Amino acid sequence: MCGIVGFAGAQPAAPILLDGLKKLEYRGYDSAGIAVQDGGLISVVKTRGVIKNLCDKTDNGSTLSGTSGIGHTRWATHGAPDDVNAHPHVSNDGMFAVVHNGIIENFAVLKDELEKKGYRFESQTDTEIVANLLDLYYKGDLLEAVMKTVSRLDGSYSLGVLCAEHPGKIVAVREKSPLILGVGVKENYFASDVTALVAHTRNVIYLDDGEVAVLTADSIDIYNASGKKIEKSTSRVIWDIEAAEKGGYEHFMLKEIMEQPRAILSTLEPRIKDGRIVLDDIPDSYFDGVQRIIITACGSAYYAGCVGRYVIEKLCRIPVTVELASELRYHDPIIDENTLLIVISQSGETADTIAALRECKERGAKSLAIVNVVGSTIARLADYRIYTWAGPEIAVATTKGYTTQVAVLGLFAVFAADKLGRITKERYAELIGELLKLPSKVQRAVDLNSHISYLAKRYASHRDVFFIGRNIDYAVALEGSLKLKEISYIFSEPYAAGELKHGPIALIEQDTLVITLCCYDELFEKTLSNIEQVKARGATVLAVAHEGNGKIFHVADDAVFVPDSEPLFAAVPEIIPLQLFAYYIAKENGCDIDKPKNLAKSVTVE
Ligand code: F6R
């Protein structure tokens, strides 16, 4: 979704802003723009389409002089994705330029009020009212104008502000939408995403809701919502710039698929010390009184939660429900202090997941976040957090984000089962051994790359695909289906194999492709009968099974074999061929794999 960058220093700002915007492209956007301050004048260039258009329009930034500025990638919410609605937006008299992420909920009322005072609006955006409100409240004191403006805004937003009368100064505001300050040497930055900062500095300050920061080349002053100056600590980002670049791969998605063995190793290994699981700072008493667990998330993170439900219930014998965050937040959930809420999020900034977490916390739930981005809103809101050390995930479709979440859920289930006294010492040791084998098993699944690329050529023309499975295989089917539809735009439907006969089998006809997941050995024979049922109606079956499962060849048209695993952890290697399959089908069909249409990496609006 939208991205923000800001720079104040001694070098020309425009090339730095353009470079920062390029790093944010992966988030998804449809227009972009920059504003640079020079000698009491603000110059703005913005355009529909890709950053390259902006680079062409400004000769890579060289046509704009000035050493402080702000930039934006816009993912349209209010108004069409065109040049006029692109950010930055400027106040009527050109005094202020503003970039904005999120939504100003009371913008219609404010617009009306400003119109009555004589302000005119060119765009359909909610952002333009911010520029004009700043102008209304500005009497020479920039901070005062920002504070007064912010006090009038409802909603979740982050802002970057430039004022013509304050050369060298940029202002950042955070309210329920991420904004991070980058601390450099004789230059400072802000950005909505750390990937836009790491090329310049790894020293960052995470702003909290309600905070305002005023940056110049030499100073960063931060104020709380009451306008009181506060001190905040600087954190060090451990991601390096290479991690956020393609490193020779054609797409980020393929690179990230290939990185999974390492990502899972980095996530699991440091937490297993001398045969015991050590989960960061979670105290032993944390599970006292927990009677039920609710897992909440959106999209693939929700599907990771669906795997987690089976694993946690099986090992901990505690009831677990998995709820879509966008539903949980609105159905008046029954929650108390005996409920443990597990929130899962790669970005840590998904609006619905944040809202569900807030809602459940208010109702007394304990909260644990499984999150990839350090210092993100979800990481900071939850009582405790377990980071997935997947590194930056740039492709819109998650891969290593998902598998590291599933791995952490397995780790957590074993940890909790032990704390609750639900598993024997022997089983505990056995499961830890199995967790530690996951990186090498995933490596063997990743090595199927060329075989899957060959299969994808064979199946690329199918337009209706079913994914079926039982138990954990069903949870994997949900994610496999989402991967295929989101990047290849092929319609696919995930179904619990036993449910097919209750309706959807009516859709199975000659050559319908049914991808059948057969790694949950306990229910293999049952799944086999479901394969027979779809075969009898003419379907083509591609099965994913464990190595050595020769039986599958009697029924399936094609099979992919992944390493045999402890059934509770089988989802991790099992999803890899489905990620690769989606990737190669999308490639065969000429799709924009890293930036699928209509999608954004971090869904920061409801
Ligand atoms: C799909 C995908 C999305 C995200 C979802 C939640 O490939 O990436 O479905 O899983 O938007 O995002 P996070 O995990 O950042 O909360």
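Start at 1 and go down the list; that is how both ligands and their atoms are numbered. As the structure is a computational prediction, the values presented were derived from the model and not from experiment.
The two residues E323 and T296 make their nearest non-hydrogen contact at O-OG1, 2.8 Å. The heavy-atom pair separating Y387 from G375 by the smallest distance is OH-N, 3.2 Å.
Counting atoms of ligand 1 from 1 in the listed order, those under 4.0 Å from a heavy atom of E486 are 1 (C), 7 (O). Short contacts between ligand 1 and V396, defined as distances under 4.0 Å to a heavy atom of the residue, involve ligand atoms 8 (O). Those atoms of ligand 1 that come under 4.0 Å of a heavy atom in S347, given as number and element, are 13 (P), 15 (O), 16 (O). Listed by atom number, the atoms of ligand 1 under 4.0 Å from A301 heavy atoms are 10 (O), 14 (O).
The nearest heavy-atom contact from the protein to atom 11 (O) of ligand 1 is V603 CG2, 4.1 Å. In this structure, atom 14 (O) of ligand 1 lies nearest to the protein heavy atom Q346 N, 2.6 Å.
Heavy-atom proximity to atom 16 (O) of ligand 1, evaluated over T350, T388, V373, T399, is greatest for T350. The closest heavy-atom contact to atom 2 (C) of ligand 1, among the options S300, P596, C298, G348, comes from S300.
S192 is listed as a side-chain neighbour of L24, based on a closest heavy-atom distance under 4.5 Å.
Taking the six-membered ring for Trp, H546 and F561 have ring centres at least 6.0 Å apart.
Considering K483, Q346, Q405 as possible partners of S300, the one that fulfils the side-chain hydrogen bond (donor to acceptor under 3.5 Å, both in side chains) test is K483.
Of the heavy atoms in E349, none comes closer than 4.0 Å to ligand 1.
Ring geometry for Y583 against H251 counts as perpendicular: the plane angle is over 60°, on a 0 to 90° scale with 30° as the lower cut.
One distance of note links CD1 of I4 with OG of S177; it measures 6.5 Å at 0.5 Å rounding.
Taking any N or O of T353, backbone or side chain, none lies under 3.5 Å from an N or O belonging to ligand 1.
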